[in-house]
**Student:** 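I'd like to ask some things about the structure below.
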Amino acid sequence: MALSAHDAFSGAGGGRRRRYGRSRRSALSEINVTPLVDVMLVLLIVFMISAPLLTAGVPLELPRTEAGAIQEAEGPLAISVRAVGAVFGQDRQTPFEALGPALAAAASGNPDRAVYVRADGRAAYADVARVMAALSTRGFTRVNLITDTGGPASGPPPAPATGPEGTPPP
């Protein structure tokens with residue numbers, strides 16, 4: 001019996017081929033998003049809990065003005081004056097006499113560092129003036145008063161600019 005070249009691959013000769021071979025596993029075409037959603041919800045909860053802790057620790061009622069917010073890259077020093085006259089330096093209550101040395105130590109010898117003074121709107125002007133004077137005598141020149149935005153305007157709105165003979169400018 002002679003075999004032709006095609007007989008080796010046919011079902012009758014040599015090796016037997018399975019008619020219904022193993023079913024190949026197809027690639028999973030779905031992405032399981034459950035672990036992603038779990039991680040995102042945990043991160044959301046962590047940020048929701050930690051966000052209120054990042055604000056200043058001394059509760060005050062700041063006065064409102066029309067000035068906008070200041071953008072600062074370096075972390076400034078913060079001084080808070082409560083309505084009753086209590087002075088806080090960097091979230092710690094500090095006696096007024098120790099405020100200057102405490103700020104000089106916190107600024108690490110850099111009087112060019114910005115200092116933010118947050119005073120309660122009901123605080124006495126004399127208390128805020130004493131804090132400002134203490135900063136000035138210590139050499140701090142970049143002193144900023146912090147207020148809330150959206151308060152009353154400081155004057156009438158500016159008149160519209162006009163060109164020659166009352167015409168609007170180009």
Side-chain angles (χ1 to χ4, degrees), residues 31-170:
I31 297 175
N32 189 2
V33 295
T34 304
L36 175 68
V37 171
D38 289 345
V39 169
M40 296 306 288
L41 287 175
V42 168
L43 287 175
L44 177 68
I45 291 170
V46 166
F47 287 127
M48 286 173 54
I49 291 172
S50 64
L53 301 176
L54 299 176
T55 59
V58 180
L60 299 174
E61 185 177 321
L62 296 174
R64 296 187 174 272
T65 62
E66 64 184 9
I70 297 174
Q71 300 297 325
E72 185 75 28
E74 180 184 356
L77 298 174
I79 299 174
S80 302
V81 181
R82 280 199 160 163
V84 294
V87 178
F88 289 78
Q90 298 291 93
D91 297 337
R92 287 189 187 164
Q93 187 166 0
T94 307
F96 179 75
E97 297 77 25
L99 182 63
L103 284 175
S108 60
N110 182 12
D112 289 333
R113 191 165 173 193
V115 179
Y116 290 170
V117 177
R118 301 173 63 238
D120 195 300
R122 298 167 295 181
Y125 178 75
D127 294 335
V128 179
R130 285 178 51 195
V131 169
M132 300 288 282
L135 291 170
S136 177
T137 58
R138 285 290 176 173
F140 290 100
T141 57
R142 296 180 60 200
V143 179
N144 302 297
L145 291 174
I146 304 300
T147 61
D148 275 342
T149 58
S154 59
T162 59
E165 300 178 16
T167 61

**Student:** Please give me the minimum heavy-atom distance between V128 and A123, naming the atom from each residue.
**Tutor:**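 Minimum heavy-atom contact is CG2-CB, 4.5 Å.
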**Student:** Mind checking the CD-CZ spacing from E61 to R82? Nearest 0.5 Å is all I need.
**Tutor:**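 Answer rounded to 0.5 Å: 12.5 Å.
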**Student:** Walk me through it: do L36 and I31 pass the test side-chain contact (heavy atoms from CB on, under 4.5 Å)?
**Tutor:** CA-CA 10 Å; L36 175 68; I31 297 175; over 6 Å; no
**Student:** Considering all heavy atoms of both residues, which atom of R130 and which atom of F96 are nearest to each other, and what is their separation?
**Tutor:**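 Residues R130 and F96, closest heavy atoms: NH2-CD2, 2.7 Å.
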**Student:** Side chains of V117 and L135: does their closest heavy-atom pair fall under 4.5 Å?
**Tutor:**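 Side-chain contact under 4.5 Å: yes.
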**Student:** Answer whether the closest heavy-atom distance between the side chains of I79 and V115 falls below 4.5 Å.
**Tutor:**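 Contact flag for I79/V115 side chains = yes.
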**Student:** Write down the atom of P63, the atom of A119, and the distance for their closest heavy-atom approach.
**Tutor:**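 The pair with the smallest heavy-atom distance is CD-O, 3.5 Å.
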**Student:** Could you tell me whether a side-chain N or O of T94 sits under 3.5 Å from a main-chain N or O of R92, the two making a donor and an acceptor?
**Tutor:**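 The answer is yes, because a donor-acceptor pair under 3.5 Å joins these two groups.
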**Student:** Determine yes or no for a side-chain-to-main-chain donor-acceptor pair under 3.5 angstrom, with S136 supplying the side chain and M132 the backbone.
**Tutor:**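 Flag not set: sc S136 to bb M132 has no pair under 3.5 Å.
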**Student:** So among N32, V37, V33, which one has a side-chain contact (heavy atoms from CB on, under 4.5 Å) with P35?
**Tutor:**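 Only one option passes, and that is N32.
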**Student:** Under the side-chain contact (heavy atoms from CB on, under 4.5 Å) rule, what do L99 and R138 come out as? Steps first, then yes or no, please.
**Tutor:** CA-CA 10 Å; L99 182 63; R138 285 290 176 173; over 6 Å; no
